[in-house]
Amino acid sequence: EKVVIKLGHSDPEDPCISKKGAAARVFKDIVEAETGGSVEVQVFPSNQLGGEREMIESTKLGTIQMCIVSAALAGYFRPVMVLDIPYLFSSAPVAWKVLDGPFGQELSAALLRETGLRNLAYGETGFRHFTNSKRPVRTPEDLKGLKIRVMESPIYITMVKSLGALPTPIAWPEVYGALQQKVVDGQENPAGVIYNVKFYEVQKYLTLDGHSYGTDFILINDDFYRNKLTEEQRRVIDKAAIIAGNVGRAIQQLNSAMAVAKLKEKGMEVYSPTPEEREKFKAASQGPVIEWLKTQVDPSWVDKVLAAVKQAEEELGKRTQ
Amino acid sequence: MFGAVAEMTGFIILASLFFEKLSRVLVSIMVGAMLVVVLSQVVFRYLLQSPLPWSEELARYLMIWAACLAGANAYADKAHVTVNIITRSIAGRMERFVNVGIHAVVATLMLVIFYQGWKLALKVSDQLSPAMSISMFWTYSSVPVGAGMTFTHALRLLLQTLFSPDTRDTVLME
Amino acid sequence: MIWVFLGSFLLTMLLGVPVAFCLALSSMIFLIISGDIPLHLIPQRMFTGMDSFPLMAVPFFILAGDLMNSAGITERIVRFSTALVGHIRGGLAHVNIVASMFFAGISGSAVADTAALGSILIPAMEKDGYSKSFAAAVTASSSIIGPIIPPSIPVVIYALVGSVSVGALFLSGVIPGILIGLGLMAVAYVISRKYDYGTKRPVASVREFLAACWGALIPLIMPLIILGGILSGIFTPTEAASVAAGYAVIVGLLVLRTLKLSDLPSIFYRAMLTTSTIFLVMACANVFTWILGTEMIPQKIASAITSISQNPYVLLLLINLVLFIVGCFLEGIAAIIIMVPILLPIAQHAGIDPVHFGIIVVMNLMIGLITPPLGLCLFVCCSVSNVDFVDLVKAIFPFLLIEIVTLFVVTYVPGVALFVPRMFGY
Ligand code: NA
Ligand code: NA
């Protein structure tokens with residue numbers, strides 16, 4: 001009998017402009033081909049099955065079987081917040097090494113134990129950068145007094161506050177208008193998002209500070225995984241998810257690089273901070289966020305991720321930084 | 001047997017009337033609070049230059065609670081959007097028959113939503129809201145509570161329609 | 001199975017079960033039959049359907065309208081409109097229409113407009129020698145300007161369902177709203193000439209005019225605060241609604257002193273009662289559309305419509321036709337919630353601007369409010385004025401016609417809707 005997997009994500013369907021769209025597409029095609037059609041993957045892009053928070057809930061409760069999500073997972077499993085420590089990863093290869101290595105496996109195992117959500121693989125939402133309409137931002141001093149739209153998340157609120165700016169939560173559908181009418185001065189998002197939602201029309205300055213690395217999680221309901229799939233089907237799904245995660249990362253990197261070039265073309269002033277300037281951002285914000293995080297999650301998670309990053313950086317050497 | 005039914009009926013009618021009054025008070029307070037919270041949000045961001053991180057979430061959850069409680073009362077008030085192309089053209093016993101059917105269907109539906117919603121609220125209680133970090137139980141429970149109240153109203157209206165000598169079924173309990 | 005789903009929805013709706021519950025009920029039946037999706041999908045989707053900050057504009061705009069009404073603003077708007085256009089032939093008919101346009105600036109709902117202005121102006125017009133059915137027809141047909149000129153509750157809902165900027169949509173309604181007003185005035189003028197209505201009123205003296213202006217200052221400032229605040233970045237469109245409500249509270253309590261502090265709780269309660277009827281439809285439709293989505297129904301309808309034609313002009317005609325039929329049977333906001341997720345992707349695919357499309361949808365569905373057999377504003381008008389339904393339908397026909405013509409102009413000349421938002425950089 002045919003098994004149907006409903007897979008939801010929040011990105012557009014088009015695999016060329018969307019990392020989650022690309023990951024979902026690759027996953028679907030591999031699984032359907034290699035299981036001989038015994039598993040059908042129905043992909044629902046663009047929040048058709050609800051927002052991220054809701055999709056995770058639905059996957060957890062078995063209403064749908066899979067989702068590809070990012071930041072909202074913190075509402076269900078607090079330790080994933082350590083991945084949002086500002087200026088944690090100095091580069092994408094470091095992040096990949098940490099997430100695909102023992103730390104990432106331990107995090108996935110804990111997620112499974114506590115929530116019944118199996119993280120099949122990590123993808124990537126991308127590094128987040130600040131934009132604003134007021135002035136070029138090179139150091140934390142330049143951020144001082146700017147109203148920055150953030151997600152409703154204490155980590156981002158703490159980070160933006162510690163950098164001297166005024167964190168302002170605004171609902172996503174209102175962000176473009178709020179930037180345009182200057183209700184707030186700036187916002188922070190990956191370059192691909194900044195380009196896709198046309199923030200370049202209402203924002204002049206982009207600072208490629210990469211303050212946090214957005215992670216994608218490819219989640220499946222574990223009960224479904226263990227009890228509704230054959231061993232052979234599980235093997236195909238595991239493999240397909242890892243490929244999908246890597247394709248998502250690749251598409252994200254490609255889009256991000258192209259987006260920065262296109263944002264320049266659209267008239268944005270792009271600034272890439274020097275390592276010294278980046279160190280200043282890090283010094284101002286990492287401490288307060290870690291302090292807050294240690295009140296929220298088992299502090300050992302913070303120590304573990306910092307150790308894993310250090311090790312990955314040593315292994316990769318200075319080349320990647 | 002008959003005594004127990006009568007007692008149950010009396011209990012439901014009392015519960016329905018009590019919920020209606022209680023919701024009225026709570027909804028007024030919640031709407032007032034929403035107004036104050038959203039206006040403060042503007043004042044703190046624009047005038048005082050120190051945006052509130054929690055105001056939006058608080059206002060939103062107040063709104064959902066107020067809507068669920070008011071939605072239950074709206075059923076008792078027959079204020080919900082209805083297509084009455086057929087019901088408008090029938091009268092007398094037929095009308096009473098259709099109304100009993102409507103209230104019975106709604107009561108059943110509300111019972112299901114109440115039960116499922118309550119289970120869901122318990123299931124999500126380990127989940128925290130992003131800004132205020134309160135358990136999602138406190139927000140998700142709005143739906144089953146509203147459904148539970150609507151259930152009592154539907155039963156009350158059903159009983160009134162069945163036993164009222166008048167075909168207009170609103171007058172009995174005023 | 002999908003036919004059981006859609007069939008049970010239509011059947012329960014026709015039997016008179018509230019629309020919101022029909023949506024939830026048919027979803028429940030579907031889930032029980034299909035068996036593999038847990039029933040807690042219903043409360044979950046109901047919750048997330050209401051869990052949205054921009055929705056907050058709905059209770060606040062309703063509240064602002066209620067408060068202004070109980071603060072006696074309606075009479076001031078009527079007096080001002082009389083000073084402005086009362087002397088033209090068919091005076092009170094024009095007053096009725098112009099007052100609706102000003103009232104539109106504080107109210108987001110057509111039904112509220114019909115009730116508020118109708119109860120004052122229909123008796124006044126009758127006394128002035130107009131036929132009752134004509135007076136009722138003018139009232140009903142002009143009331144739909146309310147949700148077209150900003151602020152507007154249907155627009156807020158469309159913006160949310162379609163992820164479109166509320167600010168741009170608000171601005172896009174300005175010119176279409178004025179066009180409808182002028183069209184209705186033209187029709188009223190022609191009819192008044194024919195039946196020799198309203199020839200007695202003299203031009204207002206400068207003194208009278210200034211007094212009327214002064215009296216109307218308070219309500220007229222409100223739209224300026226709303227749009228001004230949004231455009232100058234003081235607040236977002238959602239917050240604007242709360243500012244409008246706050247302004248109305250202050251005006252009622254402190255400036256006009258027509259409200260007492262002790263009146264507020266019951267006004268708050270009534271506003272939320274009205275809101276809840278809209279929210280419940282949103283909540284239950286969120287379950288319904290989830291099932292439609294997983295069954296890929298929107299895609300199927302879309303391909304059925306696009307298989308007829310790919311031409312954007314033809315598509316717009318088809319979509320308008322579908323909306324008009326739906327709007328004749330289903331209340332406007334419920335129709336937006338159910339139809340926009342299906343129709344907007346088709347429109348976007350054909351290269352139609354989502355803001356432009358939004359105003360088409362809203363105008364179309366508002367016209368549905370005054371179209372027999374089920375136009376809600378017609379019923380409100382009948383109950384306010386005691387006019388026979390059939391007489392009203394006959395009298396409203398020329399007005400309905402000019403509104404349909406205006407809808408076509410707005411549909412096929414995108415600039416009419418998009419000129420103002422573009423001027424403000426949207
Ligand atoms: Na309006
Ligand atoms: Na009018």
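Chain identifiers are assigned alphabetically (A, B, ...) following the order of the sequence lines, protein sequences preceding nucleic acid strands; residue numbering begins at 1 within each chain. Computed from heavy atoms alone, side chains included, the values below leave out hydrogens, waters and symmetry copies.
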For the student: nearest non-hydrogen atoms of [X] and [Y], plus distance:
{"X": "Val17(C)", "Y": "Cys22(C)", "answer": "O-SG, 3.2 Å"}
{"X": "Ile336(C)", "Y": "Ile157(C)", "answer": "CG2-CG2, 4.1 Å"}
{"X": "Glu56(B)", "Y": "Gln41(B)", "answer": "N-OE1, 3.4 Å"}

Side chain, backbone, both or neither of [X] within contact of chain B (heavy atoms, under 4.5 Å):
{"X": "Ser52(C)", "answer": "backbone"}
{"X": "Val249(C)", "answer": "side chain"}
{"X": "Leu15(C)", "answer": "backbone"}
{"X": "Phe279(C)", "answer": "side chain"}
{"X": "Thr275(C)", "answer": "neither"}
{"X": "Leu280(C)", "answer": "side chain"}
{"X": "Pro59(C)", "answer": "side chain"}
{"X": "Met28(C)", "answer": "side chain"}
{"X": "Phe53(C)", "answer": "both"}

Check your understanding: Between Trp118(B) and Tyr140(B), is the ring centre distance below 6.0 Å?
Key -> no

Review point. Do the ring centers of Phe151(B) and Phe114(B) come within less than 6.0 Å of each other?
Key: no

Just give me the residue among [options] that pairs up with chain C most often, heavy atom to heavy atom, under 4.5 Å.
{"options": "Asn73(B), Val98(B), Val124(B)", "answer": "Asn73(B)"}
{"options": "Lys123(B), Met110(B), Met63(B)", "answer": "Met63(B)"}
{"options": "Ala70(B), Ser142(B), Ala121(B)", "answer": "Ala70(B)"}
{"options": "Val25(B), Val38(B), Val106(B), Thr108(B)", "answer": "Val38(B)"}
{"options": "Val31(B), Val105(B), Val36(B), Val112(B)", "answer": "Val31(B)"}
{"options": "Val27(B), Ile64(B), Thr150(B)", "answer": "Ile64(B)"}

Exercise for review: Starting at OH of Tyr61(B), measure out to OG of Ser129(B) and round the result to the nearest 0.5 Å.
Suggested key: 5.0 Å

Check your understanding: Hey, what do you get for CE (Met50(C)) to CE (Met56(C)), rounding to the nearest 0.5 Å?
Key -> 12.5 Å

Exercise for review: Give a yes or no answer on whether the side chain of Arg156(B) reaches the backbone of Ile12(B) with a donor-acceptor pair at less than 3.5 Å.
Suggested key: no

Review point. Any idea which of Leu25(C), Thr238(C), Ile234(C) has the most non-hydrogen atom pairs under 4.5 angstrom with chain B?
Key: Ile234(C)

Exercise for review: Name the option with the most non-hydrogen atom pairs under 4.5 Å to chain B; the candidates are Asp51(C), Ile42(C), Ile267(C), Thr12(C).
Suggested key: Asp51(C)

Review point. Do Ile153(C) and Ile278(C) come within less than 4.5 Å of each other through their side chains, counting heavy atoms only?
Key: yes

Check your understanding: Among side-chain atoms of His153(B) and Ser16(B), is any donor-acceptor pair under 3.5 angstrom?
Key -> yes

Exercise for review: For Tyr115(B), look at atom OH and say whether over 12 heavy atoms of other residues, nucleotides or ligands are found less than 6.0 Å away.
Suggested key: no

